[in-house]
Amino acid sequence: MHCKGNSLYANASMEDRSFMGKDLLGIRHVKKENIEKILMKAGSYKQADLEKKIPSPLLQGKTVVNLFFEPSTRTRMSFEKAAANLGGTVMNFDRLTSSVQKGETLVDTVKTIESLGVEGIILRHSLAGAPQVAGRAVKIPVINGGDGCHEHPTQALLDIFTIHERKGGTAGLKVLFVGDVLHSRVARSNLWGLLKLGAEVTVVGPLTLLPPGLKEMGVKVSTDLDSCLEEAEVIYMLRLQMERQKRGYFPSIGEYKKYFGLTGERVKRISPFAVIMHPGPVVPGIEMDQSVMEDSRCLVQEQVKNGVFVRMAVLELWIAGEVN
Amino acid sequence: MYTLIKGGTVLNPPGGLFKKMDILIQEGVITEIAPGIERETAQVIDASNLLVVPGLVDPHVHLREPGGEGKETIRSGCASAAAGGYTSVACMPNTRPVMDNRLIVEHVKSTAAREGVVRVYPIGAITRGSLGEELAEMGLMVQQGIVAVSDDGQPVDSASIMLSAMQYAAMFDLPVISHCEERSLAQGGSMHYGLQSTLLGVKGIPDAAEAVMASRDILLAELAGARLHIAHVSSAKTVDFIKMARAKGLKVTAEVTPHHLILTDEDIDGFDTSFKMNPPLRSREDRSALREALRDGTIDMIATDHAPHSILDKDVEFEEAPFGVVGLETALPLVFTELVEPGILTLEQAVFALSCSPARFLGIEGGSIQVGVQADLTLINPKAEKVVDKNTFYSKGKNTPFHGRKVRGLPVMTLVGGRVVMKDGLVKGA
């Protein structure tokens, strides 16, 4: 394994929350040094975990609400575990039994939650910008747990953490995103983070699933997966939603797989030092074959594991301290 | 009963006066325009250091009444118009129920006559319920006084219905105002399709969604020999098609809004729903093309597309929020500050686009200052400045993207038929 850029763990300093903003809405507006700070903290949590040390109960006596308007397994549970590790209490919000069914607006819902006396809200929503609306409505911090096709900042942070851990850094690192960038909040947050940290990012996918303006963002765009594979150091497979086919974005799953699937055949051509990532949930046989999932270079489980440490760092920085 | 406006610089575009004149008004009608008029019995309005222009005419507003009184009423919309220097507005039929028959036209007209401080000209629906399926009773609505037909807010999806509508409207020389939007391209979108929509993760509406429909309607207007007016042009591509139509000598006119002339999709930050309207704010290139088209006359007039919404309607997720921004109380100072002062438009071009041109298009009174016409006048203080404050609006809608913006060139008096309906920003009886 070769090392790139500065080590993130070299220079731990005391945090200053005030310049990070009340809410964590997206990676776009998080400064590079703050990204590095979060990764560093996550690194210490992971290190402590390896050493079987119990982290300080920074969230003791504090409650965060998992306000999830969209289904989620790993993000919700990861935040729950992270909060529990820090001694906090998590309340889960169930959309189906809530007043949202009676037509309550998002603004009213978050104001109600704030009135309960909780210390923070983790919001997952199907519409872009929902955390901005929520954040403006309340004084407590709002952490974006994924909003529509906009951002999923903690996913990007855990991805970048995992990349750092395996590749030693991101400066100059060749990262390839494959698939449905158009509908992917994971891709957007990762693009912002990786570009800020100096990676060379390429996206590859059918033109129907690549949004406009990527080149202006500083991203290379390709439609030929095979020509991108060999030099890629990180291959990040994006989740393909089956229902997209019906909307006319591509003709069939079979054809999609032929051009953009990470098959066992294709994996033979990637570098032995490359890593393969996926935000989950993986449906085997579409974006990648089952054999690829079992490849030692595939970091899917590592990503999930690191998610807890990264979210502990986020909870510490945004919620454990006094509200800005 | 005489009113005498003394010492103002009178503009009467195109090519009319541009000098200091007094204007004498008798029984609501202009009876004399000359320097140094004296009339002892007259009520004198001192207009020194002010511009006197034909009252502004907005060919595209949403007054929301009947059915949307929580967002605006005819009374509040008219007060908003008067505050902004407008003397006439043409109101769109997307009320509830839709203004697709003579009874609602009559209702709107009589309510406006009773409660409105400016003149209100209803626009009838093209199709029943604006559903795009059957023609509305245009002829009966014409008898009741509509000035145009439009299904604004909705495109007429079927080309064949649109063709029939144009052919039918041509019998009455009635303009058909097209809200150009190819629905299958635009559906689900909330902002311009481009880098900004990618960054915000919001579904984009490509400029082609507008231009495809504009080109279709231009072809249909040619076939029908009808008058076609393209509402709220937002893209350079649409401008190109309008140019082609003009070159062919077709009866095609077009309007543009202050927000499309001033803002771009880059101004949408933090998911502020005050920046969400349809068509959406587009790119810098589009904005340049719109400015140039207004300057060279390809686009004939400025319309606000005043679309009030309640705070509750707009305080939601960006993609859930209704389209539309208010415009009546900001249009004049914005055009003055952002287009006239930087030299993009001359003052005369601006007044022409805000008053004379829409009045001609609608075939209504107003839009000129001459002896024998109704004294619909707006007095402007070109030096006066303010910071736009949505909380001071007469409109019930506070949904403006210009809150907090410094503007110059304020309307200080509005006269409708010689009657002062707004003075120093205060609207009579509102």
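First the proteins, then the strands, lettered A, B, ... as listed; each starts at 1.
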So which heavy atom on B:Gly201 is nearest to which on A:Ala128, and how close?
O-CB, 3.6 Å
Rounded to the nearest 0.5 Å, how far does OG1 of B:Thr198 lie from CD of A:Glu216?
8.5 Å
Do B:Leu200 and A:Arg28 pass the side chain to side chain contact (heavy atoms under 4.5 Å, CB included) test, and can you show the C-alpha distance, the side-chain angles, and the key distance before you say yes or no?
CA-CA 10 Å; B:Leu200 295 182; A:Arg28 183 182 179 188; 3.8 Å; yes
What's the separation between atom CD in B:Glu319 and atom NE2 in A:His150, rounded to the nearest 0.5 Å?
10.5 Å
For the student: nearest non-hydrogen atoms of B:Phe271 and A:Arg136, plus distance:
O-NH2, 3.5 Å
Specify which of A:Val133, A:Leu191, A:Leu214 makes the most heavy-atom pairs with chain B at under 4.5 Å.
A:Val133
In terms of heavy-atom contacts, B:Glu317 and A:Ala130 come closest through CG-CB, 3.8 Å
Less than 4.5 Å to any heavy atom of chain B: does that hold for the side chain of A:His183, its backbone, both, or neither?
neither
Using a 6.0 Å cut-off, check whether atom CZ of B:Arg183 has over 12 heavy atoms from anything other than its own residue.
yes
Between B:Asp315, B:Val202, B:Asp272, the one whose heavy-atom pairs under 4.5 Å with chain A are most numerous:
B:Asp315
For residues 182-199 of chain A, which residue pairs pass the salt bridge (charged side-chain N to carboxylate O under 4.0 Å, His left out) check, not counting sequence neighbours?
A:Glu70-A:Arg185
Turns out that what part of B:Leu199 lies under 4.5 Å from chain A's heavy atoms comes down to both
